[in-house]
Student: 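One structure, pasted below without further comment.
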Amino acid sequence: MKALSAIAAVALLTALATTRAGAHHSVFAEFDINGSVTIEGVITEIWFKSPHIRIFVDVTDADGNTVSWNTHGHNPSALRRRGWVRDTLQVGERVTMSGDPTYDGSPKMFIRTITREDGSVLENKVGN
């Protein structure tokens, strides 16, 4: 009976570890770090949580249509060390973002810089 319980525990832990590891992916898997895209729009939603922050921005395209961009940044812990906090950016704020586009051309990017209306620049990087 103890052996059966131990096997069940190992199977459960393995399943949980595999699920967690599979949920996270490399920036390089989805975003073209050799490309560059810049958007200007209004922040509609901010997720300041792991594994990566996400900032949703409504952008008006060349045809006058609103396109919702799903932008990704580093994890909150790394950004806190750079001075970012949960309310560094606000919903309704107009920003210009530059970053790495997706390989498939969808309206997503990995953020490199965010320029605010006052001209201040936030960098989405870890380390120095």
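Counting from 1, the numbers follow the sequence of the chain as shown. Fair warning: this is a prediction, and the values are worked out from it, not measured in the lab.
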Student: Sorted by first residue and then second, give each salt bridge (Lys or Arg N to Asp or Glu O under 4.0 Å) pair with at least one member in residues 44-61; sequence neighbours left out.
Tutor: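 The answer is none; no pair qualifies.
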Student: Measure the shortest side-chain to side-chain distance between S68 and P107 over non-hydrogen atoms and say whether it is less than 4.5 angstrom.
Tutor: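 With C-beta onward as the side chain, the pair stays apart.
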Student: What pairs meet the ring pair (Phe, Tyr, Trp, His ring centres under 6.0 Å) rule with one or both residues in residues 78-97, with sequence neighbours excluded?
Tutor: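 Sorted result for residues 78-97: empty, none.
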Student: Quick one: list whatever passes side-chain hydrogen bond (donor to acceptor under 3.5 Å, both in side chains) with R94, sequence neighbours left out.
Tutor: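 Testing R94 for side-chain hydrogen bond (donor to acceptor under 3.5 Å, both in side chains), a comparison that skips the adjacent residues, returns none.
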Student: Give the minimum heavy-atom separation between F48 and R80, together with the two atoms involved.
Tutor: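 Taking every non-hydrogen atom into account, CE2-NH2, 3.7 Å.
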Student: Starting at CG of N124, measure out to CD1 of I53 and round the result to the nearest 0.5 Å.
Tutor: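 So the gap between those two atoms works out to 5.5 Å.
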Student: Quick one: does H52's side chain have a donor or acceptor within less than 3.5 Å of a partner on H72's backbone?
Tutor: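 Flag not set: sc H52 to bb H72 has no pair under 3.5 Å.
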Student: Could you go through V57 and N70, starting from their C-alpha distance and side-chain angles, then the distance that decides it, and tell me whether this counts as side-chain contact (heavy atoms from CB on, under 4.5 Å)?
Tutor: CA-CA 7 Å; V57 180; N70 176 357; over 6 Å; no
Student: Where is the tightest heavy-atom contact between N75 and P51, given as atom of each residue plus distance?
Tutor: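 Nearest pair, atom of N75 first, then P51: CB-O, 3.1 Å.
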Student: Between I43 and V95, is there a side-chain heavy-atom distance shorter than 4.5 Å?
Tutor: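 Touching, per the 4.5 Å side-chain cut-off.
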Student: Residues in side-chain hydrogen bond (donor to acceptor under 3.5 Å, both in side chains) with T102, at least two apart?
Tutor: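 Once residues adjacent in sequence are excluded, the partners of T102 under the side-chain hydrogen bond (donor to acceptor under 3.5 Å, both in side chains) criterion are D104, S106.
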Student: Using 30° and 60° as the class boundaries, would you call the ring planes of F110 and H74 parallel, tilted or perpendicular?
Tutor: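 Ring orientation of F110 relative to H74: perpendicular.
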Student: Rest of the hydrophobic cluster containing F56 (Ile/Leu/Val/Met/Phe/Trp/Tyr, side-chain heavy atoms under 4.5 Å)?
Tutor: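 Reading the cluster by chain and number, F56 sits alongside W47.
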Student: Which pairs, with at least one residue in residues 70-79 and sequence neighbours excluded, count as a salt bridge (Lys or Arg N to Asp or Glu O under 4.0 Å)?
Tutor: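 Every candidate salt bridge (Lys or Arg N to Asp or Glu O under 4.0 Å) pair involving residues 70-79 fails, so no pair, neighbours aside, qualifies.
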Student: Should R112 and D100 count as side-chain neighbours, where that means a heavy-atom distance under 4.5 Å?
Tutor: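 Side chain of R112 against side chain of D100, heavy atoms only: contact under 4.5 Å found.
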Student: Identify the heavy atoms of G83 and T88 that sit nearest to each other, and give their distance.
Tutor: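 Heavy-atom minimum between the residues: O-OG1, 4.2 Å.
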Student: According to side-chain contact (heavy atoms from CB on, under 4.5 Å), who are the partners of S36, at least two apart in sequence or on a separate chain?
Tutor: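 Not a single residue meets the side-chain contact (heavy atoms from CB on, under 4.5 Å) criterion with S36.
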Student: Drop me the distance from W69's CH2 to I111's CD1, to the nearest 0.5 angstrom.
Tutor: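 Between W69 CH2 and I111 CD1, I get 11.5 Å after rounding to 0.5 Å.
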Student: Tell me, please, which residues at least two apart from R116 pass side-chain hydrogen bond (donor to acceptor under 3.5 Å, both in side chains).
Tutor: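 R116 satisfies side-chain hydrogen bond (donor to acceptor under 3.5 Å, both in side chains) with E93 once adjacent residues are dropped.
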Student: Should T96 and I39 count as side-chain neighbours, where that means a heavy-atom distance under 4.5 Å?
Tutor: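 A side-chain contact under 4.5 Å is absent here.
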Student: For the pair R82 and E123, find out whether any cationic side-chain nitrogen is under 4.0 Å from an anionic carboxylate oxygen.
Tutor: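 Judged by the 4.0 Å cut-off on N to carboxylate O distance, R82 and E123 do form a salt bridge.
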Student: Run the side-chain hydrogen bond (donor to acceptor under 3.5 Å, both in side chains) test against S120 and tell me which residues pass, sequence neighbours left out.
Tutor: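 S120 satisfies side-chain hydrogen bond (donor to acceptor under 3.5 Å, both in side chains) with D118 only.
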Student: CD1 of I55 to CD1 of I114: how many Å apart, nearest 0.5 Å?
Tutor: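 Output value for this atom pair is 4.0 Å.
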Student: Please step through side chain to side chain donor-acceptor pair (under 3.5 Å) for the pair T60 and T66, ending with a clear verdict.
Tutor: CA-CA 5 Å; T60 303; T66 299; 4.6 Å; no
Student: Holding to side-chain contact (heavy atoms from CB on, under 4.5 Å), I want the full list of residues that pass it with N34, two or more places apart in sequence or in another chain.
Tutor: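 N34: side-chain contact (heavy atoms from CB on, under 4.5 Å) contacts with D32.
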Student: For residues M109 and V42: do they belong to one hydrophobic cluster (side chain heavy atoms under 4.5 Å, members Ile, Leu, Val, Met, Phe, Trp, Tyr)?
Tutor: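 No; V42 is not reachable from M109 via cluster members.
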Student: Quick check for you: to the nearest 0.5 Å, what is the distance between T71 atom OG1 and M97 atom CE?
Tutor: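 Going from the OG1 atom of T71 to the CE atom of M97 covers 3.5 Å.
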